[in-house]
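Atom set for the values below is all heavy atoms of this structure, side chains included, hydrogens, waters and symmetry mates excluded. Naming convention: chains lettered A, B, ... in sequence-line order (proteins, then strands); numbering from 1 in each chain.
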Amino acid sequence: MTIVAKQYEYNFTEIEKKWQQKWEDTHIYEVERDESKPKKYVLEMFPYPSGRLHMGHVRNYTLGDVVARYYWRLGYNVLHPMGWDAFGLPAENAAIKHGIHPKKWTYDNIANMRKQLKRMGISYDWNREVTTCDPEYYKWTQWIFLKLYEKGLAYKKKAKVNWCPNCKTVLANEQVVDGKCYRCGTPVVKKEIEQWFFKITAYADRLLEDLDKLDWPERVVVQQKNWIGKSKGTKVRFKLEDFDDYVEIFTTRIDTIYGVTFMAIAPEHPLVEKLVRGTPYEEEVMAFKEKVMNMSDIERMSTTLEREGIFTGKYAINPYNGERVPIWVGNYVLVDYGTGAIMAVPAHDERDYDFAKKYNLPIKVVIVPEEGEWDFDKGAYTEPGILVNSGPFSGMKSEEAKEALTKYAEEHGFGERSYMYRIRDWLISRQRYWGAPIPVVYCEKCGIVPVPEDQLPVKLPEVVDFEPKGAISPLATSKEFVETTCPICGGPARRETDTMDTFVDSSWYYLRYPSPHSEDKPFEEEDVKYWMPVDEYIGGAEHAVLHLLYARFINKFLYDIGYSPVDEPFQHLFTQGMVLKDGAKMSKSLGNIVDPDEMMQKYGADTTRMYTLFAAPPERDFDWKEEGIEGVFRFLKRVWNTINDLIDSVDDFDKELPPEDTWTDKEKELIRKTHWLIYRVEYDMKDNFRFNTAIAAMMEYMNLFQKIYKDVRPEVAVFGAKTFIQVMAPFAPHITEELWERMKQPYSIHMSPWPKYDEKYLKADTITVVVQVNGKVRGKLDVDAEISKDEILKLAKEIPNVKKFLEGKQIVKEIYVKGKLVNFVVK
RNA sequence: GCGGGCGUGGCGGAAUUGGAAGACGCGCUGGACUUAGAAUCCAGUGGCCCAAAAAGCCGUGUGGGUUCGAAUCCCACCGCCCGCACCA
């Protein structure tokens, strides 16, 4: 048993500082476009500069760093940049609360967080730092707006929009979760205001189809698919009985149209008023409409809300069979989906069924199951089946009937094939100060006039009254900002005072890193052509339908107008799990925050990094445990002591391994394990970043190394130690760099080639074969790897314990799985 | 309700994809070194049976199935997490 005699002081603070300085001085992580080398673009979602890094950031950026460092070692030219999603409400709130200017607040926070990231030893190319609130950046955010406007994809309209009374601004649909503001949780209310929108719906089909090209987590893909919510169906126009007008409906179940017994329209539908005006129904119907419209979104969206409705007194005609169909107003019909009106088929739709039961409307069966019976007293039959009572279409199967009925509608001009989407256009105006101004002016003569490109950026004025004013942006208080001249006629004009949603800023930042200093273009063609797409994008899954959808949209647009070289920006997406404490998300109010600075001070950056990787598989949530980080700290100290002890006893660190035929058993064991380690870590890197098991392999290796390094020749031990720290370098960059230097190796370990394993050392010459009888382990054999089946079966039968179980039985089958096990099946 | 994921020791988690369940770490127990502790090192650690060991039996949410062999595949059920949810 060998015990490390000496303890070496592991002064991580000094070591980490020393190397961070040297990396910076020698610019080793700075990268240039180089067509002669293969590239990798590794990107982590940039943070909002809140002022302090949290453990979620530490985990996120450590993951990215390991990947980036690994790719460097494989010989790639690696782009690994960092920046700041620097516009946003908290800066403005700080200004209101503490009287600090949002700009100062933001830049102070950035300075602190940049320091924290450097202290973590992340391999960023800081020359490429991008800050979205920098006029040199938002100039191009505004430019993108102008390009969208030019193509008719940015437009202004008066709309009922989501308003957060707490944040005092409007929100996009994606930013409303369960009827509440995604940021502060306040229930949103509807407000009718003129707002700017981006026409993301024009890209709905491509955003949907191209999901198949991406190497993304299923979960995120599914979320985007649901959000886009495409469904295939048929539009049908039902003529009104008393007017020269019609009700248009959308249905995915045109095969049930002979079963229509009423129609239901949304209370907000413009037809409602027209149908009942001046009739005895008017008063009641309008009262019902009021009642429904006064409900909050939360109430209205509630699944427990009872289906209610009211008859309008009017009828429409089913164009297929000429039947008169009563028109109702229903609270369950949504004005902003489909056409805001439905054909109701109680026999084959649960909602219509409930409604019909409640108001005693007829239930007409037009679909029966292909096999078996359906009891319509119990509920609607909503599955496909065979059509009955459907005129000439009776007897057809649902799928076939859908085609035939749609074709019929098209031929007779009262309907056609149609697709509906759940996704709405992206509302991008915000009534707040700290954002990129929308580059538009309003001229009395010329109307809406986009600011010419050569006048960008439209700069934010420094002095304004930040106090929110309701539906008016704080920018409106700045006379100097608002009052301008029209770029067309030169007459007096007013600037748009709303700013853009911060998700616009972050929808293209990955394109800026390749050319962060470009002055007359958002980015250079050769740069993005070389670097794009992002090969590895790492961040939280909470952005599934926010940032990740917006970024895909904006990139597609830039691709279409010839700027982005790729139609999808993020080839591979990795969504990491959260860091919890005591089973809950860390938060100030719960008082369960673990501070990264504190951890780095107590254990060092290497330990903190490795613990966040070791604690759990990276895609899973994990609970922060002080004992856990101590375990990793112990491991690094063990590495430090052992390798320093070796270093003390060796002079020449560059000696070749001795010839293979002279290797002792222990040397052979250590050399084999070394190859195994490289293989294991590579395997885990490739298999979805399984860094937890990669680190486990390093620990396993160290356990063996420590046991036998004194019993092997120095060159063998040095080979093992060098390989080990080379493999560990992407995970713990400082301690490995220090040990590398102490082994007199050329700077820097992080630019040294990744070690290679040799297959032949992965297989041992002797293997342990398990011997089973009827599937139960009864013995083991250590045998030569190349042993024949006959031989091993013979040996197996001689094991006393196996013999015991074979005695008096008849062997019906003998199984030998090469290198693994023998199984005797006996009776 | 629909869709997706998961369920393994006291805990976090392994199991190279159908072949020794529990790697690695934490925790715990015993020991060495120490006046003592911390640190470090060594040994042990799924349960049952046993004074102990060997041998044996049980064991991957539950019940069934396929297979020589199942944590892994199939069916049913239970529980947890995530997403969607009157979408016509």
Length of the line joining [X]:[atom1] and [N]:[atom2], which is rounded to integer Å:
{"X": "Gln706(A)", "N": "rG25(B)", "atom1": "CD", "atom2": "C1'", "answer": "15 Å"}
{"X": "Tyr611(A)", "N": "rC26(B)", "atom1": "OH", "atom2": "C1'", "answer": "9 Å"}
{"X": "Lys776(A)", "N": "rC58(B)", "atom1": "NZ", "atom2": "P", "answer": "5 Å"}
{"X": "Glu350(A)", "N": "rC2(B)", "atom1": "CD", "atom2": "P", "answer": "10 Å"}
{"X": "Asp782(A)", "N": "rA20(B)", "atom1": "CG", "atom2": "P", "answer": "15 Å"}
{"X": "Asn226(A)", "N": "rG5(B)", "atom1": "CG", "atom2": "C1'", "answer": "15 Å"}

Give the ring-plane orientation class for Trp328(A) versus Tyr359(A), where under 30° counts as parallel, over 60° as perpendicular and anything between as tilted. tilted

Paired with [N]: which nucleotide, if any, by Watson-Crick or G-U wobble criteria at under 3.5 Å for both distances?
{"N": "rA55(B)", "result": "none"}
{"N": "rU17(B)", "result": "none"}
{"N": "rA38(B)", "result": "none"}
{"N": "rC77(B)", "result": "rG61(B)"}
{"N": "rU66(B)", "result": "none"}
{"N": "rG27(B)", "result": "rU45(B)"}

Taking the six-membered ring for Trp, are Phe614(A) and Phe731(A) ring centroids under 6.0 Å apart? no

Of all the nucleotides listed (rC26(B), rA55(B), rG13(B)), which has the minimum atom distance to the side chain of Pro617(A)? rG13(B)

Spacing of the P atoms in rU66(B) and rC74(B) (rounded, Å): 15 Å

Return yes if some donor-acceptor pair links the side-chain N/O of Asn774(A) with the main-chain N/O of Val826(A) below 3.5 Å, else return no. yes

Is the backbone N or O of Val345(A) less than 3.5 Å from a side-chain atom of Asp352(A), with the two atoms forming a donor-acceptor pair by type? yes

Between Val777(A) and Thr693(A), who's closer to the 5' end of RNA chain B by nearest nucleotide? Thr693(A)

